[in-house]
Amino acid sequence: MSNHNHVCGVEHAKFLDNIVRRLIHHPRRLFGPYIKPGDTVLDIGCGPGTFITGLAHIVGAHGKVIAIDLQEEMLNLARKKAEFAGVANRVEFHQCTPESLGINIQADFIMTIYMVHEAPEPLRLVDQVGALLKNGGYYYLSEPAFHVSKAQYREAVDRCMKNGLTLVKQCGIVSRTAVFRK
Ligand SMILES: C[S@@+](CC[C@H](N)C(=O)[O-])C[C@H]1O[C@@H](n2cnc3c(N)ncnc32)[C@H](O)[C@@H]1O
């Protein structure tokens, strides 16, 4: 899977995080079946924090959301959003580099929404996800069909399975989405 060498800039934040998107990509409906209260969740490529509040509510007071992004400006927007919603104490913010996520934890749930194709080496990113996921944990991969071909998406899915993840669900029209269990 080659990348598009284009990282979505902060000027696109409003296109990512808005009421229409939140209705279509409703966090509890999409991710709720895979997350339990108390879980540790990684939102890799969190952008402006589109899903931060929803995730923080799902993991509850004893859970943790780790929001990771390359761009400080995106993390600042996500932080403001969590603070406004009163859930910032459940969220950690982590700035990574294009090559490495730079964290060493084991997560119950990891999501990459519309970001894998932006990584310099998308398959290496998928490898890092596999290593950060607990046994029994879920990985939610979603890529935009308008940017990522079926073949590119398939490469990422195959790589996950090669890394020992089991495909539990595939869906999507505007998005190409797969859910895996380790
Ligand atoms: C299209 S936005 C999607 C944001 C959010 N996931 C959403 O769906 O609203 C992609 C985000 O991934 C981030 N990103 C791109 N490459 C990355 C990488 N290698 N590691 C972490 N974040 C990355 C970008 O900075 C951007 O905020």
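As the structure lists them, so they are numbered: ligands from 1, and atoms in each ligand from 1. Residue indices begin at 1 and follow the sequence shown. Quantities reported herein were computed from a predicted structural model and do not represent experimental measurements. As a basis for the values below, the full set of heavy atoms in this structure was taken, side chains included, without hydrogen atoms, waters or symmetry mates.
In terms of polar-atom proximity, Gln71 is counted as a contact of ligand 1, with an N or O under 3.5 Å from an N or O of the ligand. When only interatomic distances are considered, the shortest N/O to N/O separation between Met74 and ligand 1 does not fall below 3.5 Å. Checked against a 3.5 angstrom limit, the closest N/O atoms of Thr97 and ligand 1 fall outside it. The N/O atoms of Leu16, backbone and side chain alike, include none that comes under 3.5 Å of an N/O atom in ligand 1.
Annotation: atom 27 (O) of ligand 1 to nearest protein heavy atom, Asp69 OD2, 2.7 Å. With hydrogens left out, the protein atom closest to atom 5 (C) of ligand 1 is Gly45 O, 3.3 Å, a heavy atom. The closest protein non-hydrogen atom to atom 9 (O) of ligand 1 is Thr50 OG1, 2.7 Å. In this structure, atom 21 (C) of ligand 1 lies nearest to the protein heavy atom Cys96 SG, 3.3 Å.
Remark: distances from the non-hydrogen atoms of Arg21 to ligand 1 include one below 4.0 Å. Remark: distances from the non-hydrogen atoms of Leu70 to ligand 1 include one below 4.0 Å.
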Candidate pair Leu125 and Met115, rule side-chain contact (heavy atoms from CB on, under 4.5 Å), full reasoning: CA-CA 10 Å; Leu125 190 279; Met115 69 75 56; 3.9 Å; yes

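When all heavy atoms of Leu16 and Arg21 are compared, the pair lying nearest together is O-NH1, 2.8 Å.
Exactly one of Glu73, Glu72, Arg79 qualifies for a side-chain hydrogen bond (donor to acceptor under 3.5 Å, both in side chains) with Asn76. That residue is Arg79.
Screening residues 63-82 for ring pair (Phe, Tyr, Trp, His ring centres under 6.0 Å) gives no qualifying pairs among residues at least two apart or on separate chains.
The hydrophobic clustering, which links ILVMFWY residues whose side-chain heavy atoms are closer than 4.5 Å, places Tyr139 and Ile68 together.
Contacts of Pro98 with ligand 1, taken as heavy-atom pairs under 4.0 Å, involve the backbone alone. If you look at Val7 next to ligand 1, the close heavy atoms, those under 4.0 Å, all belong to the side chain.
For the atom pair CZ of Arg90 and CD1 of Ile58, the computed distance is 11.0 Å after rounding to the nearest 0.5 Å. Atoms CZ and CE, from Phe180 and Met161 in turn, are 6.5 Å apart once rounded to the nearest 0.5 Å.
Taking every non-hydrogen atom of Cys46 and a distance limit under 4.0 Å, the qualifying atoms of ligand 1 come out as 5 (C). When each atom of ligand 1 is checked for a heavy atom of Gly47 under 4.0 Å away, the hits are 4 (C), 27 (O). Numbered from 1 in the order shown, with element, the atoms of ligand 1 that lie under 4.0 Å from a heavy atom of Ile113 read 3 (C), 5 (C), 6 (N), 8 (O).
When the shell of 6.0 Å around CG of Leu23 is examined, it contains more than 12 heavy atoms from other residues, nucleotides or ligands.
Below 30°, between 30° and 60°, or above 60°: for Phe51 and Phe31 the angle between ring planes is above 60°, a perpendicular geometry. Taking the six-membered ring where tryptophan is involved, the planes of Tyr114 and His25 are perpendicular, since the angle between them exceeds 60° and thus also 30°.
Around atom 17 (C) of ligand 1, the closest heavy atom drawn from Glu118, Met115, His117 belongs to Met115.
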